[in-house]
Amino acid sequence: MAAADASSPDDRPENAKSGGRAASRNFIQQIIDADRAAGKNGGRVHTRFPPEPNGYLHIGHAKSICLNFGLANEYGGKFNLRFDDTNPVKEEQEYVDAIIDDVHWLGGEWDDRLFHASDYFEQLYDWAVQLIKAGKAYVCDLNAEEMRAHRGTLTEPGKNSPHRDRSVKENLELLEQMRAGKFPDGSRTLRAKIDMASPNLNMRDPVMYRIKHAHHQRTGDAWCIYPSYDYTHGQSDSIEGITHSICTLEFENHRPLYDWFCRELGIHHPQQIEFARLNLTYTVMSKRKLLELVRDKHVAGWDDPRMPTIRGLRRRGYTAESIRAFCERIGVAKFNSTIDMGWLEDAVREDLNERAPRAMAVLRPLKVVLTNLKAGETRTVEAPNHPQKPELGVRKVPLTREIYIEQDDFMEDAPKKFFRLKPGGDVRLRGAGIITCDEVVKDAAGAVTELHCTFDDDHSRKVKGTIHWVSAEHALSTEVRLYDRLFNVPNPDDASEGKTFLDHLNPDSIEVVADAKLEPSLANAEPGSRYQFERVGYFYADPLDSQPGRPVLNRTVTLRDSWAKAAGTA
RNA sequence: UGGGGUGUGGUGUAAUUGGCAACACGACGGAUUCUGAUUCCGUUAUUCAAGGUUCAAGUCCUUGCACCCCAGCCA
């Protein structure tokens with residue numbers, strides 16, 4: 001979604017697939033196209049991303065950010081970042097800072113348009129006064145419980161509040177006193193006077209202001225009454241000149257209210273458009289559940305690499321490009337779908353396959369002695385950093401008499417389709433030569449402890465398998481963390497059979513390999529850099545836990561493994 | 001049993017708005033390969049149901065069905 005991704009006039013036609021047909025447009029683009037064709041807003045497009053700073057951003061927010069920012073970019077419009085900070089008891093500066101950082105990391109750019117709903121508190125108050133004067137709002141003395149009793153139900157209309165017909169003068173005075181802190185929390189509210197019999201419960205005289213003697217992270221103690229979401233959101237959009245206010249499906253029922261406030265106030269009226277939020281398999285996305293995972297220490301924190309949070313994905317090694325590509329690929333619609341986690345994983349594989357330099361690392365070492373090599377002799381082989389990109393250069397890898405290979409790459413009783421090492425068999429050591437397994441050494445318990453092999457540097461021979469390896473003498477021993485999906489069922493939210501999402505936590509979602517054996521060149525791996533460990537997966541040098549000369553690596557994702565699939569071990 | 005939405009392959013999104021159901025991912029089969037990776041080629045649908053209108057229906061009409069959202073002084 002960066003400017004470089006936006007279609008230049010030249011690549012538009014290439015975009016068109018199947019015989020010059022224009023690339024398909026999602027329903028929001030179609031609405032905007034129509035608006036522009038009709039000259040609405042003077043053809044202007046201005047979107048925003050409006051998070052509440054009460055938690056960390058997750059992959060579902062990324063969909064919204066990419067959508068909103070992408071649309072602004074595509075139409076040459078603007079994009080605002082605005083915090084919906086109307087509830088001081090739930091919001092914290094820590095979240096504000098993290099959200100700003102994450103949106104920026106994802107590629108969102110808002111220039112000087114970083115706003116807060118709290119910037120508009122005074123204006124909102126003035127508008128409330130205006131609505132009271134117009135007979136469209138009133139102060140209600142009902143407490144929460146009484147208000148619920150008056151609201152009615154889904155099938156029965158509500159009853160008017162006994163305070164609904166107060167005089168304008170009295171309402172004005174009461175609102176002023178509310179603001180002045182004359183009343184305790186919850187004792188009074190300011191309500192819009194709409195229709196207690198509306199089939200849409202949001203229209204049954206919704207609350208505009210509630211009393212909360214709470215310290216706000218931005219406005220401090222200036223206010224003890226705070227505007228509700230419904231009374232704030234549309235007007236904030238309006239003030240900022242937003243043209244298309246894009247939100248998720250659950251706000252569809254609020255649109256009549258959004259429209260009502262803009263209309264009654266006679267202010268710029270943005271168009272609210274709702275789309276389906278992202279659901280992903282094998283994870284949870286609700287703030288409450290994410291918070292619970294962190295609070296009860298089921299994960300190490302908001303940035304735990306297993307979390308679907310932006311911070312977790314970052315720590316896992318995901319690139320912003322791959323997340324954007326993912327958001328692009330899943331599309332935008334109103335159908336409440338669930339995307340397979342595999343799509344996200346494919347998106348990083350695709351990106352990292354292009355950019356990650358290759359290296360060799362042995363996770364579960366099995367010692368191999370190359371009996372025809374002299375002890376103390378070090379040969380050097382040159383290995384390409386990327387098989388398809390010679391321009392990425394080569395690196396030197398030491399080869400000695402004793403090396404480590406992966407335990408999985410040797411099998412005593414191998415099935416015919418096993419292309420790796422077996423007794424008496426040949427296998428290619430990636431980049432070095434071919435070895436033949438002459439002898440299998442076992443301990444008293446019968447477990448294989450080492451292999452004796454002959455090395456042959458004839459590169460021309462054809463052998464079926466190639467395996468990775470590391471010189472035992474030169475190996476860099478370090479910690480590698482193998483992450484897997486946090487939950488072991490596609491839909492952890494499924495609460496049937498009396499289970500909760502916590503019952504579906506995957507006990508194997510993290511495996512720490514304390515001393516994996518990496519090729520020595522990796523000692524220089526910069527924290528935050530990414531590699532493909534050939535035949536194993538993509539890894540990210542943890543920016544927090546890595547030490548100079550000793551990187552700690554997080555597995556971002558495995559490589560596709562058709563052997564594991566065939567062998568039923570995937 | 002009120003109101004608001006949504007139903008197209010295994011998954012997700014399209015369909016020039018009534019004109020040959022397309023694209024992507026996966027899966028499966030094959031080719032290439034010093035990564036069982038990558039790459040390449042092929043296969044992969046009675047459009048929720050039943051009626052109706054029409055030369056022609058995913059699209060229009062009728063009647064159903066399923067699923068999601070709403071009874072916070074949360075957003």
Side-chain angles (χ1 to χ4, degrees), chain A residues 17-19 21-26 30 50-52 54 84-87 89-91 140 142-144 147-148 151-158 185-191 198-204 206-212 225-226 228-230 232-233 247-256 274 276 281 287 328-340 342-343 346-347 349-350 353-354 358 360 383-384 386-388 417-420 428-434 459 462-468 532-537 558-567:
Chain A
K17 304 247 158 77
S18 65
R21 209 134 140 205
S24 63
R25 323 266 302 142
N26 65 50
Q30 291 177 19
E52 184 192 12
N54 68 343
D84 236 330
D85 54 351
T86 58
N87 188 357
V89 305
K90 291 191 173 180
E91 298 153 5
C140 179
L142 260 26
N143 63 32
M147 200 182 289
R148 192 179 326 120
R151 187 155 31 227
T153 67
L154 293 178
T155 51
E156 304 158 40
D185 285 6
S187 61
R188 282 185 163 87
T189 56
L190 180 72
R191 297 224 255 166
S198 172
N200 180 341
L201 305 217
N202 294 127
M203 300 299 271
R204 319 243 262 227
V207 169
M208 294 164 58
Y209 273 95
R210 64 288 214 206
I211 301 171
K212 283 178 191 282
I225 59 172
Y226 291 93
S228 63
Y229 164 84
D230 284 310
T232 307
H233 199 92
C247 61
T248 45
L249 252 29
E250 67 270 27
F251 292 102
E252 215 154 14
N253 294 330
H254 293 248
R255 185 165 13 111
E274 310 85 10
T281 57
K287 278 185 181 174
E328 184 68 33
R329 198 169 295 171
I330 58 178
V332 180
K334 298 192 74 159
F335 177 59
N336 211 306
S337 60
T338 300
I339 277 83
D340 196 294
W343 280 46
D346 280 331
R349 286 194 186 102
E350 199 173 294
N353 176 50
E354 287 294 316
R358 316 283 125 129
M360 292 194 286
H386 191 118
Q388 280 83 33
K417 301 278 268 179
F418 186 77
F419 304 147
R420 284 109 94 150
R428 182 183 297 280
L429 290 186
R430 170 123 255 230
I434 294 166
H459 286 231
K462 268 287 181 197
V463 288
K464 187 71 181 164
T466 299
I467 65 174
H468 56 281
Q532 182 200 99
F533 290 171
E534 290 194 286
R535 307 207 312 129
V536 179
T558 60
L559 251 35
R560 268 206 204 83
D561 187 350
S562 55
W563 165 248
K565 201 181 294 172

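Naming convention: chains lettered A, B, ... in sequence-line order (proteins, then strands); numbering from 1 in each chain.
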If anything within 90° of 0 is syn and all else is anti, what is B/rG29? anti
Suppose we define a pair by two distances each less than 3.5 Å, Watson-Crick or G-U wobble; what does B/rG29 pair with here? B/rC41
Would you indicate what A/K212 reaches in the nucleic acid, counting non-hydrogen atoms under 4.0 angstrom: base, sugar-phosphate, or nothing? sugar-phosphate
For B/rA50, which nucleotide in any strand shown is its Watson-Crick or wobble partner with both distances under 3.5 Å? B/rU62
Once you apply a heavy-atom cut-off of 4.0 Å, does A/N143 come out as touching a base, just sugar-phosphate, or nothing? base
Which pair of non-hydrogen atoms, one from A/R204 and one from A/T153, has the smallest distance, and what is that distance? NH2-O, 2.7 Å
Kindly state whether the pair A/Y229 / B/rA75 counts as stacked, where counting means centroids closer than 5.5 Å and planes tilted less than 30° apart. no
Check every strand shown and say whether A/M147 touches a base, only sugar-phosphate, or nothing at a heavy-atom separation below 4.0 Å. base
From the options B/rG36, B/rG12, B/rA71, select the nucleotide whose nearest atom is closest to the side chain of A/R148. B/rA71
Using whole Å, what does the distance between atom P of nucleotide B/rU38 and atom CZ of A/R430 come to? 14 Å
When you measure from the side chain of A/T155, which nucleotide among B/rU1, B/rA75, B/rA14 comes out closest? B/rU1
Does a nitrogen or oxygen in the side chain of A/R210 sit under 4.0 Å from OP1 or OP2 of B/rC74? yes
Taking B/rG5, B/rU35, B/rC73 as options, the one with an atom nearest any side-chain atom of A/E252 is B/rG5
Work out how far the C1' atom of B/rC20 is from that of B/rA37, and round it to whole angstrom. 39 Å
Using the C1' atom on both, measure B/rU53 against B/rG72 and round to a whole Å. 48 Å
Rounding to an integer number of angstrom, what distance separates B/rA56 and B/rG3 when you compare their P atoms? 36 Å
Measuring to OP1 and OP2 of B/rC34, would you say a side-chain N or O of A/K462 lies under 4.0 angstrom away? yes
Under a 3.5 Å cut-off for both distances, is B/rC34 Watson-Crick or wobble paired, and to whom? none
Would one find a side-chain N or O of A/S337 under 4.0 angstrom from OP1 or OP2 of B/rU13? yes
If you look at every strand shown and take non-hydrogen atoms under 4.0 Å, does A/T338 touch a base, only sugar-phosphate, or nothing? sugar-phosphate
B/rC73 phosphate, OP1 or OP2: any side-chain N/O from A/R151 under 4.0 angstrom? yes
Suppose we call a contact any N or O donor and acceptor under 3.5 Å apart; does that hold for the side chain of A/R535 and the base of B/rG36? no
By nearest atom, which of the nucleotides B/rG36, B/rC70, B/rC25 is closest to the A/L201 side chain? B/rC70
Hydrogens and angles aside, do A/R358 and A/H386 bring a side-chain donor and acceptor to less than 3.5 Å of each other? yes
Using a 4.0 Å heavy-atom cut-off across all strands, classify A/L559 as base, sugar-phosphate, or nothing. base
Mind checking A/T86 for me? I need base, sugar-phosphate or nothing, with any heavy atom below 4.0 Å counting as a touch. sugar-phosphate
Given B/rA71, B/rU35, B/rC25, the nucleotide with the shortest approach to the side chain of A/D346: B/rC25
Between the CD atom in A/Q30 and the OG atom in A/S24, the distance rounded to the nearest 0.5 Å is 8.5 Å
Between A/S187 and A/V536, which has a closest nucleotide on RNA chain B that is more 5'? A/V536
Please tell me which of the listed nucleotides, B/rA37, B/rA24, B/rC68, lies nearest to the side chain of A/R358? B/rA37
Counting the atoms with a prime plus P, OP1 and OP2 as sugar-phosphate, which does A/F419 contact under 4.0 Å by heavy atoms, base, sugar-phosphate, or nothing? base
Return the pairing partner of B/rC67 with a 3.5 Å limit on both distances, Watson-Crick or G-U wobble; otherwise return none. B/rG5
Under 4.0 Å from OP1 or OP2 of B/rA27: is there any side-chain N or O of A/K565 that close? yes
A/R349 with A/E354: basic N within carboxylate O range, under 4.0 Å: no
Taking all non-hydrogen atoms of both residues into account, name the closest pair between A/V89 and A/K212 and its distance. CG2-NZ, 4.2 Å
Base, sugar-phosphate, or nothing: which does A/F533 touch, judged by heavy atoms less than 4.0 Å apart? nothing
Phosphate contact (B/rU13 OP1 or OP2) by A/Q30 side-chain N/O below 4.0 Å: no
Look at the side chain of A/R560 and the base of B/rU38, then say whether one donor and one acceptor between them are separated by less than 3.5 Å. no
Just checking A/G186: base, sugar-phosphate only, or nothing, at a heavy-atom cut-off of under 4.0 Å? base
Distance, C1' atom - from B/rU17 to B/rC60, rounded to whole angstrom: 11 Å
A/N336 side chain: which of B/rC74, B/rG2, B/rC68 is closest? B/rC68
Sugar-phosphate only, base, or nothing, as touched by A/P51 at under 4.0 Å among non-hydrogen atoms: nothing
Could you walk me through whether A/W563 and A/F418 pass the side-chain contact (heavy atoms from CB on, under 4.5 Å) test, one step at a time? CA-CA 9 Å; A/W563 165 248; A/F418 186 77; 3.6 Å; yes
Nearest whole angstrom, please: distance from the P of B/rG5 to the NZ of A/K334. 7 Å
Using the C1' atom on both, measure B/rG12 against B/rA27 and round to a whole Å. 15 Å
Just to be sure I understand the rule, does A/Q388 reach a base, reach only the sugar-phosphate, or reach nothing, if contact means heavy atoms closer than 4.0 Å? base
When we call it a touch if two heavy atoms are under 4.0 Å apart, what does A/R349 touch: a base, just sugar-phosphate, or nothing? nothing
Is any side-chain N or O of A/E156 under 3.5 Å from a base N or O of B/rA71, one able to act as donor and the other as acceptor? no
Look at the side-chain N and O atoms of A/S562 and state whether any lies under 4.0 Å from the OP1 or OP2 oxygen of B/rA37. yes
Hey, can you tell me if A/H254 and A/Y229 have their rings parallel, tilted or perpendicular (30° and 60° cut-offs)? perpendicular
Below 4.0 Å: OP1/OP2 of B/rG4 and any side-chain N or O of A/R255: no
Less than 3.5 Å between a donor and an acceptor, one on the side chain of A/H468 and one on the base of B/rA37, is that the case here? no
How do A/E91 and A/N200 order along RNA chain B: which one's closest nucleotide is nearer the 5' end? A/N200
In the strands shown, is B/rC23 matched to any nucleotide by a Watson-Crick or G-U wobble pair with both distances under 3.5 Å, and which? B/rG12
Indicate yes or no: does A/D346 engage A/R560 in a salt bridge with an N to O separation below 4.0 Å. yes
Does any N or O donor sit under 3.5 Å from an N or O acceptor when you compare the side chain of A/E354 with the base of B/rU38? no
How is A/A144 classified with respect to the nucleic acid when contacts are heavy atoms under 4.0 Å: base, sugar-phosphate, or nothing? base
For A/E252, does the CD atom have more than 12 heavy-atom neighbours from other residues, nucleotides or ligands under 6.0 Å away? yes
With syn defined as a glycosidic angle within 90° of 0 and anti as the rest, where does B/rU16 land? anti
A/E91 to A/E52 - nearest heavy-atom pair and separation: OE2-OE2, 2.7 Å
With heavy atoms under 4.0 Å as the rule, sort A/Y209 into base, sugar-phosphate or nothing. nothing
Which listed nucleotide (B/rA71, B/rC74, B/rG3) is nearest to the side chain of A/E52? B/rC74
Under 3.5 Å, is there any donor-acceptor pair linking the side chain of A/N253 to the base of B/rG3? yes
Under the criterion of centre distance below 5.5 Å and interplanar angle below 30°, is A/W343 classified as stacked on the base of B/rG12? no
